[in-house]
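One structure is given below, encoded as structure tokens.
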Amino acid sequence: MSIKKVDVLLVGAGVMSATLGQLLQLLDPSLNIMMVERLSRVAGESSHALNNAGTGHAGYCELNYTAERADGSIDISRALAINAAYEISLQFWSYLVENGILPSPEKFINPICHQSFVWGEQNVAFLRKRYEALHTHHLFEEMEYSENHAVLKKWMPLVMAQRDPLQKVAATQVKHGTDVDFGFLTRKLVKAMTKSPNFDLKLAHTVTRMKQYPDGRWHVRVRDNHTGHSKTVSAGFVFLGAGGGALPLLQKSGIPESMGYGGFPVSGQWLTCKNPDVVKRHASKVYGRAPTGAPPMSVPHLDTRMIDGQPALLFGPFASMTTRFLKEGSVLDLFSSLKSNNLKPMLSVARDNLDLTRYLITEAFKSHKERVASLQAFYADAREEDWELASAGQRVQIIKGCDVKGGRLEFGTEIVAAKDGTLAALLGASPGASVSVQAMLDVIGRCFKSRMESTDWQRKLKKMIPSYGESLDENQALLDFVRKKTLSTLGLEQE
Ligand SMILES: Cc1cc2nc3c(=O)[nH]c(=O)nc-3n(C[C@H](O)[C@H](O)[C@H](O)COP(=O)(O)OP(=O)(O)OC[C@H]3O[C@@H](n4cnc5c(N)ncnc54)[C@H](O)[C@@H]3O)c2cc1C
């Protein structure tokens, strides 16, 4: 039996695998890369435009990235890290646009003002403190703040229409926020790779199992979904960029680093606006504050989107209960992921998060009227008949073992890599696609360590990402230089 040999096997055709593939191809065009995707299309799961919110997460509007400490002060460290990581993505995408690898930028990225909006004394006090903590930092110096109804009417007319003039409200805004069609971006990244004779895209093929051989190579079983026949691919390096499907595959790899991990799936739904006149009246992303007890991914937001070149208006996501790890997954996914090594953390998270489970179940049974009522807190005039429900993607939050409680639920992203650097997986969902470039650089740094340190790769990385190896958080002059360049190259400059 002939076994196909590749240097790199990318499992899944979402934004993560596409970004890693593109980076590796640019660093070493001679690498033999295969991408295997179970669906018959690229970016069919979380990376598809309607399955995520398309927010270029930079910490400008997402209030859950700036937690309030017990003493009332605001912790901005996560917002700074996410902002700097997003600048890495912007630089890489600029390089790809300049070199004709990506098409003209407005097809996948557009400037959309990022706003946070809150009401009520306590929330206003929080937003004011958040603004004061952020805007003195150079990464956030363009942030504006107002509690004035007249000003806010100009910033967000739809949100302020019919609002009680005595209601205490506040908002911040950053004009150079972005909306990204991650589905389009992923498709173009993959399309560009197919131009190389060293790249092989296998759609409608599923990775079913894998085993490491004594020579360090991975023998991966790949099933053709049409014929049902399986073949073995031998890979020097495997990336499990399978989104919600990454955890089950990581478990199948059996690497010691995979032990103890579990997943908590959460599905999502949007209200999408059917009335073009309403769509025209709003032109920003307005993020609110998650209701008490709600998970961070359920922060409501009213979003102007550009999907396939057309403006759209979405509200949500409404998080909800599911046992599937992928939108096109199986209801048995959650149960099949229970293993002796993760049972304790999974049970402990189930025990400690009853409020979250209750919240997700309640959300799942909300009526259309109740969902529109949540929207009316942002847009008082919203009419039920102008909005319809659409399903978003699935997120699998990470469950990890810990000494104190036995297990804990995490809302971030994590790279799990084998000690010998032959396999890596990306788990978790937030801040997601926006930081795909930084995340994939981390994978390369861990799994291609010596090549990453070589003069050749360092030189190439510096060309693709001018700030590579330096801190944008600490170096204002460098930030000013790269931001000016990316905003101009990607057409994101705002007057
Ligand atoms: C509701 C929601 C809102 C979000 N909003 C944002 C946002 O505003 N901004 C942002 O930056 N991020 C956002 N995200 C997160 C972002 O969408 C994800 O982080 C990102 O798309 C993940 O990309 P991925 O390549 O890891 O996974 P995916 O895009 O899910 O791709 C994984 C692929 O692997 C395939 N696959 C799975 N198992 C196998 C197998 N065994 N064999 C072969 N192929 C397999 C799947 O079919 C899929 O195509 C959001 C996510 C959700 C769900």
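Here, residue 1 is the first one in the sequence, and each next residue gets the next number. Atoms within each ligand, like the ligands themselves, are counted from 1 in listed order. Heavy atoms only: backbone and side chains are in, while hydrogens, waters and symmetry mates are out.
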Within less than 4.0 angstrom of ligand 1, does Ala433 place any heavy atom?
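Yes, Ala433 has heavy atoms under 4.0 Å from ligand 1.
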Would you check whether His205 reaches within less than 4.0 Å of ligand 1, judged by its heavy atoms?
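So His205 counts as touching ligand 1.
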Once you restrict to heavy atoms under 4.0 Å, what part of [X] touches ligand 1? Side chain, backbone, both or neither.
X      : value
Ala53  : both
Leu326 : side chain
His57  : side chain
Asn51  : backbone
Gln394 : backbone
Ala43  : neither

Have [X] and [Y] got a donor and an acceptor in their side chains that come within less than 3.5 Å?
X      : Y      : answer
Ser94  : Gln91  : no
Gln269 : Arg371 : yes
Asp75  : Ser77  : yes
His301 : Asp303 : yes
Lys5   : Ser234 : no
Glu87  : Ser467 : no
Asn341 : Gln251 : no
His205 : Glu37  : no
Gln115 : Thr172 : no

For [X], atoms of ligand 1 separated by under 4.0 Å from a heavy atom:
X      : answer
Ala392 : 1 (C)
Gly54  : 7 (C), 8 (O)
Leu39  : 47 (O)
Gly12  : 33 (C), 34 (O), 35 (C), 44 (N)
Val36  : 43 (C), 44 (N)
Gly241 : 32 (C), 33 (C), 34 (O)
Phe182 : 9 (N), 10 (C), 11 (O)
Met16  : 23 (O), 24 (P), 25 (O), 26 (O)

Polar contact flag for [X] and ligand 1 (N/O pairs, less than 3.5 Å):
X      : answer
Pro431 : yes
Ser46  : yes
Gly244 : no
Arg395 : no
Arg38  : yes

Using 30° and 60° as the class limits, which term best fits the ring planes of Phe315 and Phe318: parallel, tilted or perpendicular?
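Phe315 and Phe318: perpendicular rings.
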Nearest-0.5 Å distance that lies between atom CG in Leu302 and atom CG in Leu313
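Answer for the CG-CG pair, Leu302 versus Leu313, is 5.0 Å.
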Result of checking Lys285, His114, Glu144 against Gln173 for side-chain hydrogen bond (donor to acceptor under 3.5 Å, both in side chains):
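Running side-chain hydrogen bond (donor to acceptor under 3.5 Å, both in side chains) over Lys285, His114, Glu144 with Gln173 returns exactly one hit, Glu144.
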Ion pair check, Arg305 and Asp179, cut-off under 4.0 Å
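Salt bridge flag = yes for Asp179 with Arg305.
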